[in-house]
Amino acid sequence: MIPFANTWPYDIIMKDVYVAECPFCHSPNVLLPLKIHELKSIHEGKKKLLVFPCCHNKLTLVDTDRDYLLADTAVRNN
């Protein structure tokens with residue numbers, strides 16, 4: 001089970017994947033370089049390196065659900 005600290009919420013708006021805020025630089029409304037079909041393949045077990053376009057920080061996604069991206073490292077402050 002992946003800890004809650006390794007999750008980050010996302011939204012799908014008009015077939016684009018957004019996060020309300022970047023977990024690294026705190027930029028608002030960041031359009032992610034992910035497609036909806038990639039979310040399904042990540043959920044099925046494929047890992048994906050996500051590079052945030054605002055600050056170029058990297059995050060390895062290991063799973064997704066309908067609301068959250070799940071990473072292999074913590075993205076939330078305790």
Side-chain angles (χ1 to χ4, degrees):
M1 182 165 176
I2 296 176
F4 186 69
N6 293 19
T7 64
W8 200 255
Y10 73 93
D11 294 308
I12 297 174
I13 302 170
M14 307 240 350
K15 297 185 180 182
D16 291 326
V17 182
Y18 286 88
V19 291
E21 181 181 48
C22 176
F24 303 106
C25 70
H26 306 289
S27 295
N29 301 321
V30 179
L31 172 63
L32 298 179
L34 284 174
K35 302 295 179 197
I36 295 173
H37 66 87
E38 291 178 306
L39 294 174
K40 184 178 179 187
S41 67
I42 295 167
H43 180 66
E44 293 172 348
K46 184 177 180 181
K47 291 183 180 180
K48 169 82 173 164
L49 180 65
L50 174 64
V51 179
F52 283 83
C54 48
C55 59
H56 303 289
N57 279 308
K58 299 172 185 87
L59 191 62
T60 302
L61 302 179
V62 295
D63 198 0
T64 61
D65 61 17
R66 287 185 279 148
D67 299 318
Y68 289 94
L69 302 171
L70 298 109
D72 63 345
T73 58
V75 291
R76 294 179 184 268
N77 294 334
N78 292 338

Nearest heavy-atom approach of Asp65 to Tyr10 is O-OH, 2.6 Å
Are any non-hydrogen side-chain atoms of Phe52 and Pro23 less than 4.5 angstrom apart?
yes
One should read off an interatomic distance between Asn29 CG and Cys54 SG, to the nearest 0.5 angstrom, of 11.0 Å
Would a 4.5 Å heavy-atom cut-off, applied to side chains only, mark Pro53 and Leu31 as touching?
no
Any donor-acceptor pair under 3.5 Å from Arg76 side chain to Thr7 backbone: yes
Of Lys46, Lys47, His43, the one forming a side-chain hydrogen bond (donor to acceptor under 3.5 Å, both in side chains) with Asp63 is His43
Looking only at heavy atoms, the pair that brings Ser27 and Cys25 closest together is OG-SG, 3.0 Å
Between Thr60 and Lys48, is there a side-chain heavy-atom distance shorter than 4.5 Å? no
Q. Is the closest side-chain heavy-atom distance between Asp67 and Pro9 below 4.5 Å?
A. no
ring-ring contact (aromatic ring centres under 6.0 Å, His included) filter on Tyr18, not counting sequence neighbours, yields none
dist His56:NE2 -> Phe24:CZ (nearest 0.5 Å) comes out at 13.0 Å
- So Leu34 and Leu61, side-chain contact (heavy atoms from CB on, under 4.5 Å) or not? Walk me through it. CA-CA 11 Å; Leu34 284 174; Leu61 302 179; 4.0 Å; yes
Legend entry - Donor-acceptor contact below 3.5 Å, side chain Trp8 vs main chain Glu21: yes
Honestly curious: do Val17 and Met14 fall in one hydrophobic cluster under the side-chain, below-4.5 Å linking rule? no
**Asked** Is Asn6 close to Val75 at the side-chain level, that is, under 4.5 Å between some pair of heavy atoms?
**Response** no
The single option from Leu49, Leu69, Thr73, Val51 that satisfies side chain to side chain contact (heavy atoms under 4.5 Å, CB included) with Leu59 is Thr73
To the nearest 0.5 Å, atom NE2 of His26 lies from atom SG of Cys55 at 9.5 Å
Is Val19 linked to Ile13 within one hydrophobic cluster, defined over Ile, Leu, Val, Met, Phe, Trp and Tyr using a side-chain heavy-atom separation of less than 4.5 Å? no
In Leu39, Asp16, Leu50, the residue satisfying side chain to side chain contact (heavy atoms under 4.5 Å, CB included) with Leu32 is Leu50
